[in-house]
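Here's the structure, in structure tokens; my notes come after.
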Amino acid sequence: MINITLKDGSVRRYEPGTSLLEIAFDISPRLAKDALVARVNGKLVDLNHRLDEDAKVEFLTFDSEEGRDVFRHSTAHVMAQAVQRLFPGTKLAIGPAIANGFYYDFDSPQRFNPEQLEAIEVEMNKIIKEDLPFARVELSREEALNKFRERGEHYKVELINDLPEDAVISCYQQGEFEDLCAGPHVPSTGRLKAVKLLNVAGAYWRGDERNKMLQRIYGTAFPKKSLLDEHLHRLEEARRRDHRKLGAELDLFSIQEEGPGFPFFHPKGMIIRNELEKFWREEHKRRGYDEIRTPVILSRALWEQSGHWDHYRENMYFTKIDDADFAIKPMNCPGSILIYKSRLHSYRDLPIRMAELGLVHRHELSGVLHGLMRVRCFTQDDAHIFMLPEQVKDEIVGVIDLVNDFYRVFGFDYHVELSTRPEKAMGSEEIWEMATNALREAMEERGLPYKVNEGDGAFYGPKIDFHLEDCIGRTWQCGTIQLDFLMPEKFDLTYVGEDGQKYRPVMIHRVVFGSIERFIGILTEHFAGAFPTWLAPVQVKVLPITDRQLDYAREVTGILAERDIRVELDARNEKVNYKIREAQGQKIPYMLVLGDREAAAGTVAVRHRRKGDLGAVELERFIENLQREISSKEC
RNA sequence: GCCGGCGUAGCUCAGUGGUAGAGCAGCGCACUCGUAAUGCGCAGGCCGUCGGUUCAAAUCCGACCGUCGGCUCCA
């Protein structure tokens, strides 16, 4: 007999050779039905696996991340099977589970479009009905290579060749279909219930644009139809929060054919921008930053000196003035550096923190443009900190705290990534090593958890990135801190030390919002357009019930405007219901309904966009509360 | 840039080879109304652009532009 220790610590005894599925059934038939995969001594294993020795076993269902991934990975296999049934000769690349579903990359002469997706979905449902067991087969490298070579599955052959020497090579079979796969999988195709194929997209083999473009089909899967419907409904809801849709509805900004990737800010969008900038200026002044502004067009020679010409040219726009070559700035740093160099600096002056709301232009590929999130011109809330080497860590910690304080005001969750030396980098390995360690130490001092992206740094230095989420869970880089030992070298920056000698300062590039445009996009989706009152383009809408109250309504509107409250009067000859509906649609925080009673008593009937009717109060009282809410930046 | 989808009125969409349609928004008139849509009327379109097929093109074909979802890149 073997001893099986379960998650709760209890021990059960079974014959050697008992399968995990049998054990699950023995514990409860319900568990056998819900379990998708098991963790045996810390490793994920198929439920069809038989145990010969004592083991610690945990059964995983769709409620766990691992369970979901296995479920969806198995669904990807079924999709591949369906595709090969319908379109013989289709070659398979890779097909993993992803955050909310799965994909599989195919190489096929057949162009997949929505019509084919439907057919594939129908075939997948057939395979699920057939309830084919997933069988694991382990085989030698030779056997595996021969098998996939024979079938012409050259992507699989490439994958096998890249597996480490000691890897166990396994295949999974369901019915006539077989795929190279480490597993594990659900016991049989019948476990997969509700499947939906979502879209097709091109994707390069191994993500490298020099390789062939494959067709990637995305889908999602759930163990119950109701869960699938719920998920699709959530996606639908999320689209309602899309900043591009809300931007048009709330009249914040537009993007026109005449300027692809170059957003137009409308009056209401400008109010949000200006409020953000006001907040930004206050906070930066408090923290010892000086504000500067540098030109948008600067000589090409400057960009050659900075290294942008060599490393960033394909993203830049160029122009000519009187036969001399100029570039439109893609970054603000060279401008800042010129200001630093305009006079001599003492070690006593450092750190110098020069902040700039700088408009930069970058040539982004047409296919990546996305509302305000990815554009071709944007305003970075940039700053360059010039400092002594021994000030580096404190300055980085200072920026980390600044970013955290900012994001907290908006109630954002974020995650942090550290990017290290890229292939196309300037400077020696040692300098990079030093810079990267400084960033690490600062994050560790603040106990900030982070993920490492090897090779993702800027060409002049490693960086810490702060990522925020949009309405459908895509993450966007906003804040970033980049350490730079190289620009000071290239531009021969110096300060005079205690001993009268010249020394080299260190430089930090950093942004907090990242790009004001992207940040407004994120804000819009985060609040679903219902901006906190301090940011709301219109804070109060005055709604007289009939034109008898127009004079009083004008008076109230005037008083509010005088007190610096952004107020609009809806003087149209419409029913109050209609006016409320419209103001709600515009997500205006407060509506003041004014009828004969209010006009007589000198009060206002307050309606809040979320809390509804709050009853009548003295106008002065309302203003006090509103001003308190605005100045505290309440969310 | 690459792969696939889409492009008709300000917005949302119908129209698949034979004289361009609806709802909402806009404008006019009436209603004077108490917390999410009052009624009637009027106007509004080189059917993304250019070229081709056809007696005839919003509709079929091609190119380009824009846009959406990805890939790649990045704030």
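The sequence lines fix the lettering, A, B, ..., with proteins before strands; numbering per chain opens at 1. Keep in mind that the numbers below use all heavy atoms, side chains included, and drop hydrogens, waters and symmetry copies.
Residue A:Gly202 is in base contact, counting any heavy-atom pair closer than 4.0 Å across all strands shown. The residue A:Met373 sits close to a base: some heavy atom pair falls under 4.0 Å. Heavy atoms of A:Glu517 sit nowhere under 4.0 angstrom from any nucleic acid atom. At a threshold of 4.0 angstrom between heavy atoms, the contacts of A:Asp208 with the nucleic acid are absent.
To the nearest whole angstrom, the two C1' atoms, one in B:rC13 and one in B:rG18, are 24 Å apart.
Judged purely by distance below 3.5 Å, without hydrogens or angles, the side chains of A:His243 and A:Glu525 pair a donor atom with an acceptor atom. A:His509 and A:Asp382 form no side-chain donor-acceptor contact under 3.5 Å, judged by distance and modelled atom types alone. One side chain, A:Thr294 or A:Glu356, offers a donor N or O that lies under 3.5 Å from an acceptor on the other.
We find that CG of A:Leu365 is positioned 15 Å from P of B:rA75, with the value rounded to whole Å. Going from atom CZ of A:Phe378 over to atom P of B:rC74 covers 12 Å, rounded to whole Å. Rounded to an integer number of Å, the gap from CD1 of A:Ile522 to P of B:rA75 is 14 Å. One atom, CG of A:Leu369, and another, P of B:rG66, lie 9 Å apart when rounded to the nearest Å. One interatomic measurement links the two molecules: CG of A:Leu372 to P of B:rC68, which rounds to 11 Å at whole-angstrom precision. Rounded to whole Å, atom P of B:rC71 lies 16 Å from atom CZ of A:Phe106. Atom OH of A:Tyr578 and atom C1' of B:rC33 are 15 Å apart (whole Å). Between A:Glu118 atom CD and B:rG4 atom P there is a gap of 19 Å when expressed in whole angstrom units.
The two residues A:Met124 and A:Val195 make their nearest non-hydrogen contact at CE-CG1, 3.5 Å. Of all non-hydrogen atoms in A:Ala605 and A:Leu594, the two that sit nearest each other are N-CD2, 4.4 Å.
Remark: A:His370 is in phosphate contact with B:rG69, judged by side-chain N or O atoms under 4.0 Å from OP1 or OP2. Distances shorter than 4.0 Å separate some side-chain N or O of A:Arg548 from OP1 or OP2 on B:rC33. Within the structure, every side-chain polar atom (N or O) of A:Lys579 is placed at least 4.0 Å from both OP1 and OP2 of B:rC33. Between A:Arg572 and B:rG26 there is a side-chain polar atom (N or O) within less than 4.0 angstrom of OP1 or OP2. Close to B:rG69, at under 4.0 Å from its OP1 or OP2, lies a side-chain N or O of A:Arg244.
Nearest nucleotide to the A:Thr480 side chain, out of B:rG66, B:rC74, B:rA75: B:rA75. Listed candidates were B:rG5, B:rU38, B:rC3. Nearest to the side chain of A:Lys575 is B:rU38. Of all nucleotides listed (B:rC33, B:rC71, B:rC74), B:rC74 comes nearest to the side chain of A:Arg518.
If you check distances only, the side chain of A:Tyr204 does reach the base of B:rG1 with a donor-acceptor pair under 3.5 Å. Residue side chain A:Asn211 does not reach the base of B:rC71 through any donor-acceptor N/O pair under 3.5 Å, judged by distance alone. Side-chain N/O atoms of A:Asn577 and base N/O atoms of B:rU38 include no donor-acceptor pair closer than 3.5 Å.
In this structure, B:rC55 forms a base pair with B:rG18, meeting either the Watson-Crick or the G-U wobble geometry with both donor-acceptor distances under 3.5 Å.
Using a 4.0 Å cut-off between a side-chain N of Lys or Arg and a carboxylate O of Asp or Glu, A:Arg206 and A:Asp208 do not qualify as a salt bridge.
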